Number of protein chains: 2
Amino acid sequence: MTRLTRIIRHSLAALLCAATPASLAGAQTTGADALRAKIKSYSSVHDAEIVRELSNFLAIPNLASDRANIQRNVDLLIRMMSARGITARALESPSGGPPAVYGELTSPGASRTVVFYAHYDGQPVDTARWTTPPWQPVLRDKTIEAGGRVIPIPSSPGAMQGEWRLYGRSASDDKAPIVAMLAAIDALRAAGVSPSVNLKFFFEGEEEAGSGHLRELLERNADVLKADAWLFGDGPIHQSRRQQIVFGARGVMGVNLTVYGPARGLHSGHYGNWAPNPVTMIANLVASMRNDDGRILIKHYYDDVTPIGAAEKRAIAEIPSIDSALRAELALGATESRNAPLMERIALPALNLRGIRGGNVNELSSNTIPTEATASIDFRLVPKQTPEHVRKLVEAHLAAQGYFVVDHTPTAAERVAHARVVKATWEPGYAASRVPLDAPLSRATLRAVQDALGGPVVALPMLGGSLPLSTFESVLHTPLIVLPIVNHDNSQHSDNENLRMQNLFDGVLVYAGVLAKLGTYWRPVL
Amino acid sequence: MTRLTRIIRHSLAALLCAATPASLAGAQTTGADALRAKIKSYSSVHDAEIVRELSNFLAIPNLASDRANIQRNVDLLIRMMSARGITARALESPSGGPPAVYGELTSPGASRTVVFYAHYDGQPVDTARWTTPPWQPVLRDKTIEAGGRVIPIPSSPGAMQGEWRLYGRSASDDKAPIVAMLAAIDALRAAGVSPSVNLKFFFEGEEEAGSGHLRELLERNADVLKADAWLFGDGPIHQSRRQQIVFGARGVMGVNLTVYGPARGLHSGHYGNWAPNPVTMIANLVASMRNDDGRILIKHYYDDVTPIGAAEKRAIAEIPSIDSALRAELALGATESRNAPLMERIALPALNLRGIRGGNVNELSSNTIPTEATASIDFRLVPKQTPEHVRKLVEAHLAAQGYFVVDHTPTAAERVAHARVVKATWEPGYAASRVPLDAPLSRATLRAVQDALGGPVVALPMLGGSLPLSTFESVLHTPLIVLPIVNHDNSQHSDNENLRMQNLFDGVLVYAGVLAKLGTYWRPVL
């Protein structure tokens, strides 16, 4: 097929689409059905091979701070990409961050270029809480909660079942999308279909550590990364198990707050009620910042927050409600703010307590006034909130509670000089981002995904979770869309993270369909 | 000396005391000085031997729940006592508690019997926080904070220095008083002085675990334990390093409160602001119970609390203030309730946070909503408060905060049935106790101790810490006085617990003096 023929066909399709959407839908379905059957067949024959490639990838520890293993991840990724004819290399961070992995795969005749994003690093692990070690991936025939047993990866093809789960750190977040995209390229090739877009790859190595070196990497490689759009393979699909396309994401930032009591642990009987108790202090501080219903009590916190608009509310209303089912699954008698809908709740600014520690509890507790206590908080930001401003508001709040705010462990002199001292250790963060649902790219992506699956798709105006979209936007000025594939019940960020096999194979289908059709459907509105 | 001569001499002394206290003080001083010199000389010659006996005793782990090691403590204690001619044996708990160790040492001609109490069990340890392991005692030439190095116990006598410290769990709380009392008996014998009272010994094995089987042990052995008074060797002396006699102690009880979030850890972005966060819940719960100034906010909590009386206030006013020095030592910019005096603060009811735990902080934190969070609390009770009533008030408070209160880990069904569930795990506790400062026993003890040391003594109406005095009183109806010997800065209950050597040898002096003179001075008011 020549480039000219293709352009004509595309233009016709766009005209047809604008003129007679119903008849077009019928016409497209036939071709889409055929491609879907071919990709499914490929995945079935190669199922064990795909899972084994992911499992090997998961076996390499991937904390952003663990540079030796980060390098092993980079090396393997480059080998995996090269095996598909992708020109791949590391993009080194000049200031010492983990490298990103970059790749290119041009498609003859394609006019648009899309960058596929995923991250190969993972969240920290509390190994003691994992049933099997986080970096020793195992396949189970059910979830652990349902009594799933460890089973081998089948040696013959076609034996993999959709409800089986692969357990390991980053099984879902975020190595699965990388493997699914590579398998989609293999499957398309087997089907004899050329991608409709040129592909670039950008695999980040410190997303879970706050993307502190991302801006610098993007700025240094802005030319190399030039493209018409970015597609993000991160986050889970909808809790109803429907495929989801996300047009924005909340920003995120984090802080650890430590308050101080006596310089050494004191007997609570002989010094209690006299020596300040840091556990009480941290509890009162947390209570002063957020009530049990998620309302943030920090002064001026909502001043620069715009409530979600009518278009977003409509899109949200069409999303199947899974609140009651989730409450039962999670053993929750009620959810915050009198059972307000999940989809509305995650469109709000949020202050989440990741943890709190001071002294000891249960068997280890002793009648002591502890020396210090720490609360760990993450903030989710909505459009218009900036990390800088949130930090200012929080520190003003700490000061208003009578605290002297420091960014280091306070000296004895500092502690004696102030009635209350708090150490605030901020983590790098970034703002929220959102792209219009009716942009040509948005419409083309939605259509390609609908074709790929032959079923309904959830269009989410903004993800509750965070992706460093604003950083990409502000450096590269390129529209971004999130196309997640993993199951919602994946224990992402927590212990026993896992991937549902059906999601992996559906992911191959979605990515193959998008590669095959995105360039075709992506026309400016006529 | 015959019994008759002794009685006459005692009666004369009592008459003299009532008639001409000043001249008597002069007359007694001479004898007291001589005895003091003899006891000091004994301690100096036997210093290494005394410290070695304590060190061997500390080397046996002594958690009340660790039955194998508790038995090893019991066996060693009986050997240590038998070596002094004390008839010693274990008093077994029929319901499975750790045994107490009992002993008798009659003194020819003594008419009064005193039971000496101490406990051989210790607080739980967080081994990772100890500089050297808790049950591997070491001697240091200074405190760890002052850079103290580990040194051997000297091989030649008289080399021990007062500021040296012995580190190990229970070095101060509460094995030191046991060894000091046994050394006092040896020292008196060497000085050729017969104790003025018959002695009984009761060494408890679960004081730090809440004395849950104490009442039963006392009831079963009430006949054996018949006596005229109990002397308690527990708690620290005054922070000014002055010897202290304590005429009462606050009661104590403890509870662990656990609240529940989602059944599995959830991504804070996708579920935050919707799924209840147990860390926020526990922080708000703690904040609802106690403000930063130690004021307990539980309804009706102060209804049955009598403020301290005029006599107690006078006694407190005479105690040297160490507040400013303590604040500097502990790196505290301020203490609770606008620097209110320590001695007044510890006469109040107290709610102390021993610890708080939920999720993770700092390097281990991840953007997760944790599944549960726990706060550990101890309560200090003043006279008229009972553990039963405090428990009722606390549980009513939990219910008023919207919590369904259970005493077990809630089932999924219980969690789904209630918006908020709290597990309250109560530890055994006991009420406060106080004896009059002007009782004959109180006056005699004060005088014997003043004689023993030849210097001023602090008379404390009530200890901030707790001793199960009320249990003894209610079962045995015998007056109780607390005669502590260990240093206040001993890190009792916390990591790096230690004993200052000067306190050990002063303790021998105090106990020897009391044994020599208590029976002599102890006369009813004429």
Side-chain angles (χ1 to χ4, degrees), chain A residues 123-124 126 256 262-263 265 267-270 272-274 276-277 279-281 283-284 286-287 290 292 294 330-336 342 345 348 350 352-362 364-368 374 376 378 380 412 415-419 464-466 491-494, chain B residues 123-124 126 256 262-265 267-270 272-274 276-277 279-281 283-284 286-287 290 292 294 330-336 342 345 348 350 352-362 364-368 374 376 378 380 412 415-419 464-466 492-494:
Chain A
Q123 278 274 325
D126 188 353
N256 284 285
H267 188 290
S268 66
H270 301 311
N273 263 10
W274 179 80
N277 185 309
V279 173
T280 314
M281 292 161 76
N284 280 292
V286 167
R290 179 198 196 276
D292 272 344
L330 297 169
L332 291 171
T335 43
E336 286 187 351
L342 171 60
R345 298 294 291 166
L348 296 171
N352 177 61
L353 266 293
R354 304 187 285 203
I356 197 163
R357 296 254 159 169
N360 280 304
V361 300
N362 295 326
L364 278 180
S365 69
S366 65
N367 292 344
T368 310
T374 299
S376 189
D378 64 278
R380 299 288 168 172
R415 288 166 67 167
V416 166
H418 302 274
S466 301
S491 262
Q492 184 186 0
H493 288 204
S494 186
Chain B
Q123 277 276 323
D126 188 352
N256 284 284
R264 62 166 193 274
H267 188 290
S268 65
H270 302 311
N273 262 10
W274 179 80
N277 185 310
V279 173
T280 314
M281 290 160 77
N284 279 292
V286 168
R290 179 198 196 276
D292 271 346
L330 297 168
L332 291 171
T335 43
E336 286 186 351
L342 172 60
R345 298 294 291 166
L348 296 171
N352 177 61
L353 266 294
R354 305 187 284 202
I356 196 164
R357 295 255 158 168
N360 280 303
V361 301
N362 295 327
L364 277 180
S365 69
S366 65
N367 291 344
T368 310
T374 299
S376 189
D378 64 280
R380 299 288 168 174
R415 288 167 68 168
V416 166
H418 303 273
S466 301
Q492 185 187 1
H493 287 205
S494 187

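Please read all numbers here as calculations on a predicted model, not as lab measurements. Numbers restart at 1 for each chain; the letters A, B, ... are given by sequence-line order, proteins then strands.
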Who wins among A/Ala417, A/Gly465, A/Gly272, A/Pro124 for the most heavy-atom pairs under 4.5 Å with chain B? A/Gly465

Measure the shortest side-chain to side-chain distance between B/Asn367 and A/Arg380 over non-hydrogen atoms and say whether it is less than 4.5 angstrom. yes

Hits for ring pair (Phe, Tyr, Trp, His ring centres under 6.0 Å) against B/His493, two or more places apart or cross-chain, chain-then-number order -> A/His267

Under a 4.5 Å cutoff for heavy-atom pairs, which residue among B/Ala331, B/Pro262, B/Ala419, B/Gly265 has the most contacts with chain A? B/Ala331

Contacting moiety of B/His270, where chain A heavy atoms sit under 4.5 Å: both

When you compare the side chain of A/Arg357 with that of B/Asn360, does any pair of heavy atoms fall below 4.5 Å? yes

Just give me the residue among B/Asn256, B/Val279, B/Thr335, B/Asn273 that pairs up with chain A most often, heavy atom to heavy atom, under 4.5 Å. B/Asn273

Is it the case that B/Ser268 and A/Arg354 place a side-chain donor and acceptor less than 3.5 Å from each other? no

Which one, B/Leu330, B/Leu348, B/Val286, B/Asp126, leads in non-hydrogen pairs under 4.5 Å with chain A? B/Leu330

Do A/Leu353 and B/Met281 touch side chain to side chain, with heavy atoms closer than 4.5 Å? no

Considering residues at least two apart in sequence or located in another chain, which fulfil the salt bridge (Lys or Arg N to Asp or Glu O under 4.0 Å) criterion with A/Arg345? A/Glu336

Between B/Asn277 and A/Asn352, do the side chains contain an N or O donor and an N or O acceptor separated by less than 3.5 Å? yes

Under a 4.5 Å cutoff for heavy-atom pairs, which residue among A/Ala350, A/Ser466, A/Ala283 has the most contacts with chain B? A/Ala283

